[in-house]
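All remarks here apply to the structure that follows.
Quick caveat, the model's predicted, so the values are computed rather than measured.
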Amino acid sequence: MNKLSLVLYKNQPAVVNDRDGDKYIIKFCSQPATPSGKKAVYGEQKVREKDVVLLHEGPCSSLEAVLACDCGGAESLNAKLLEAYELLMSDESTASEAVSLSDLAEYSVGSFKADEAWALFSAATSDVHFQLCQDALKNGSVCFTLRSAEEIESLNKKQYEKEHESEIRAAFIKRVRERKLNLPDDAKFMGEVEAFALCKTDKCRVLADAGVAQTIEAAHRLLIDTGIWDFTKNPYPTRYGFSFDSAKDQLGAMPSEERLDVPGLAYAIDSEHSADPDDAVAFDGQYLWVHIADPASSVEPDSKIDIAARDRGTTLYIPEGTSRMLCESCLEDYALGLKEDSHALSFRIKLDGESQIEDCSVFKTNVKVKRLTYKYAEEHKDSPELKPLFEIARKNKARREANGAITIQMPEVDISVDKETKKVSIEPEDRLESNEMIAELMILAGEGAARFAFKNQIPFMYISQEAPDFPANLPEGWAGQFARIKCMRKRSVGITPAPHAGLGVSFYSQVTSPLRRYGDLISHEQLRAFIDGRRLIAKDDMLERVAAGDAASIAAKKASRQSDTHWKFVYLLQNPDSEYEAFCIDRRGNDALFLIPSLDMQATLHNCSDVNLNDAAVLKVSKVDIPEQKVDFSRVR
């Protein structure tokens, strides 16, 4: 740089007056002149070379002359810059290359004069056709890239919207009121409505301005009515704070540690659609073995993975997919029966002749697991391998029922959604003895784990339930099953053992699904610490973590239940002419509550004074309200 060179200093023009060693003395304008007559204020500053960017080697006449120069007027200069842009864009060799300020001057005004450099720089920086290269500017060079026609159109549109914001919003609100949006352009303005409908914000200005009630149901309805959402959109997992994606943090391969080799073969029996087998069972002639997946071998208490699992509470199962509590990749290493040898946390249970637990021990094990479906197990329940398991289960059920266990059988359905078409299918779930057999053995494992923890004074998660108070005249059939449900007490989760009246056991905990339930995972962490002789989680910490995991699990169950209901309503809309057999399960004045077994759905019908409990009827849908999750049925016969 020379004396009277023109430079940029803090994005404003300055002139080099002199040099002092390795620094330059520059003159700059600290306060520009104003239209009201205030004179410009100038100052001098010593700067390093890296603090300024050279605009022109000079010499320029003066800083005052530089600031006064307009290159023939803004309108003329803008026109010349447009001509330069069109000329540069017409040649492939220059269209994609950066152009220096001096070259831009040659293309536009025909020469590059020091006094004109600031005016040209300012005009080009403000011109939508050119973009100042910030990276080059940081390195002391001034150049511009040419924007594409699409970029220019987008910038012009944004500028127009900024300048006409109030008129554009007023027109948008009018379209919202009329439910006639201009899509996709209006979609960006509906973002705050979507956020409100998904419970990400608690206020929505669009709803207020459009005169729509500020409720999530009203927002949901507006999004459907305006075409932003399809009626199949399921908002419930997001509303409850759940991701549609599984956990991301990787567990890694299972660590190498000393394990007990369990001889023989264990059986992981599950539905044919199951992708996460986490339990397997076997009977060796003396002991019942319940082997459980062992992710706690890699998950430390209060680790990042543990806290993330606690925040989720459980794996979220919804008709359109599964959002796992632990990462998808962990199944390969930790699920049972996917490899030749499986590592497990195993419960070895000694039973008396009535399936009463005499003793339970817990081991880290190696076990060979064979996967079976419920259907296969049902067809082979008299085989030498499976028959003892079925006999133990039958005896355990009889024992529990003798202790007051309550068995309630309501219909269950399997809901599936085609990812492409969103077509919903609903099929009744088969009730097989093999399902009940596995359920009974899992109850034994939970009871055994609870007894083991209590015996060894391990702070542990216990699940209890007070006994219900059934009326003396319970009806038969579906109505009787529903009446029992209404009398059941809520379960309790804590660190103090108490009877579980619903199951008919004195001690109970859940330990059989650590891949998908946080309570089971933390119980495994505690059991493994005890086995290894390591420090246990203290009672107060255990209680806090159990409570947090259970709260998240309850929220997940709500999200899952409302998701199921949502897809059932979508199914009803997709099959408007279908008729459904239903049974009266409750009477409320002249209203009757019906159960539709094929949908696992309840429906209230009014003016049904002629209907008695368990009476059958055929119903047809008359109205479905997706946002409100309400449906009206009419009686066909």
Side-chain angles (χ1 to χ4, degrees), residues 6-13 52-56 69-113 116-176 180-195 205-206 226-228:
L6 181 64
V7 297
L8 277 178
Y9 175 64
K10 295 183 178 181
N11 295 322
Q12 293 297 317
V52 295
V53 177
L54 181 66
L55 280 180
H56 198 290
C69 179
D70 61 3
C71 291
E75 187 174 338
S76 173
L77 183 53
N78 288 338
K80 291 176 180 177
L81 284 172
L82 178 57
E83 290 177 5
Y85 170 81
E86 292 173 345
L87 180 61
L88 290 165
M89 287 294 287
S90 66
D91 188 338
E92 288 184 5
S93 65
T94 56
S96 58
E97 298 293 330
V99 57
S100 67
L101 182 63
S102 59
D103 285 344
L104 183 58
E106 294 292 341
Y107 280 109
S108 56
V109 296
S111 62
F112 187 45
K113 298 177 181 177
E116 296 176 344
W118 168 248
L120 181 65
F121 173 83
S122 298
T125 304
S126 303
D127 195 305
V128 72
H129 299 88
F130 301 95
Q131 183 171 12
L132 181 63
C133 299
Q134 294 295 336
D135 289 341
L137 197 64
K138 290 176 183 177
N139 294 321
S141 175
V142 180
C143 59
F144 297 85
T145 56
L146 308 181
R147 288 193 172 105
S148 67
E150 291 77 12
E151 290 175 312
I152 293 169
E153 182 181 4
S154 177
L155 289 172
N156 285 333
K157 186 176 180 181
K158 287 180 180 179
Q159 183 62 28
Y160 178 85
E161 289 174 354
K162 184 177 180 180
E163 294 172 354
H164 300 82
E165 182 179 359
S166 59
E167 305 100 289
I168 291 171
R169 183 171 181 82
F172 162 67
I173 294 298
K174 183 175 183 292
R175 292 193 295 275
V176 171
K180 294 179 180 179
L181 296 187
N182 291 336
L183 296 179
D185 291 345
D186 281 341
K188 62 180 178 292
F189 300 121
M190 293 292 285
E192 64 178 89
V193 181
E194 288 192 87
R205 184 185 162 197
V206 170
T226 54
I228 300 296

Side-chain donor/acceptor of [X] to backbone N/O of [Y], under 3.5 Å:
X	Y	result
S154	E150	no
H56	F112	yes
E192	R205	yes
T94	D91	yes
S122	W118	yes
D127	A123	no
Y107	K80	no
Q12	Y9	no
S76	G73	no
D103	V99	no

Closest contact, heavy atoms only, [X] versus [Y]:
X	Y	value
L120	S108	CD1-OG, 3.8 Å
A119	C71	CB-SG, 3.9 Å
D70	L77	O-CD2, 4.4 Å
A117	L6	CB-CD2, 3.7 Å
L104	A124	CD2-CB, 3.7 Å

Please report the interatomic distance [atom1]([X]) to [atom2]([Y]), rounded to the nearest 0.5 Å.
X	Y	atom1	atom2	answer
S111	E116	OG	CD	5.0 Å
K180	K174	NZ	NZ	8.5 Å
L101	T125	CG	OG1	8.5 Å
Y160	E167	OH	CD	7.0 Å
N139	Q134	CG	CD	11.5 Å

Side-chain contact test, heavy atoms from C-beta onward, threshold under 4.5 Å: evaluate it for [X] versus [Y] and give yes or no.
X	Y	result
D186	V176	no
I152	Y85	yes
E97	T145	no
V142	S100	no
H129	L81	no

TODO: Please state whether the rings of F144 and F130 are parallel, tilted or perpendicular, taking 30° and 60° as the class boundaries.
DONE: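 If you compare the ring of F144 with that of F130, the planes turn out perpendicular.
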
For [X], look at atom [atom1] and say whether over 12 heavy atoms of other residues, nucleotides or ligands are found less than 6.0 Å away.
X	atom1	answer
E92	CD	no
K162	NZ	no
E163	CD	yes
E153	CD	no

Task: Chi angles and distances behind the side-chain contact (heavy atoms from CB on, under 4.5 Å) call for L181, F189 - done: CA-CA 10 Å; L181 296 187; F189 300 121; over 6 Å; no

- [ ] Might you work through the side-chain contact (heavy atoms from CB on, under 4.5 Å) test for V7 and L55, ending with a clear yes or no?
- [x] CA-CA 5 Å; V7 297; L55 280 180; 6.0 Å; no

Open item on the list: Looking at R169 and E161, is any side-chain nitrogen of the basic one under 4.0 Å from a carboxylate oxygen of the acidic one?
Closed with: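 Looking at E161 and R169, the cut-off is not met.
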
- [ ] Start with the C-alpha gap between M190 and F172, add the side-chain angles, then the distance that decides, and say whether side-chain contact (heavy atoms from CB on, under 4.5 Å) holds.
- [x] CA-CA 10 Å; M190 293 292 285; F172 162 67; 3.7 Å; yes

Task: R175 and D185: CA distance, side-chain angles, deciding distance, salt bridge (charged side-chain N to carboxylate O under 4.0 Å, His left out) verdict - done: CA-CA 12 Å; R175 292 193 295 275; D185 291 345; over 6 Å; no

TODO: Take L183 and I228 through the test side-chain contact (heavy atoms from CB on, under 4.5 Å) and record every step on the way to the result.
DONE: CA-CA 8 Å; L183 296 179; I228 300 296; 3.5 Å; yes

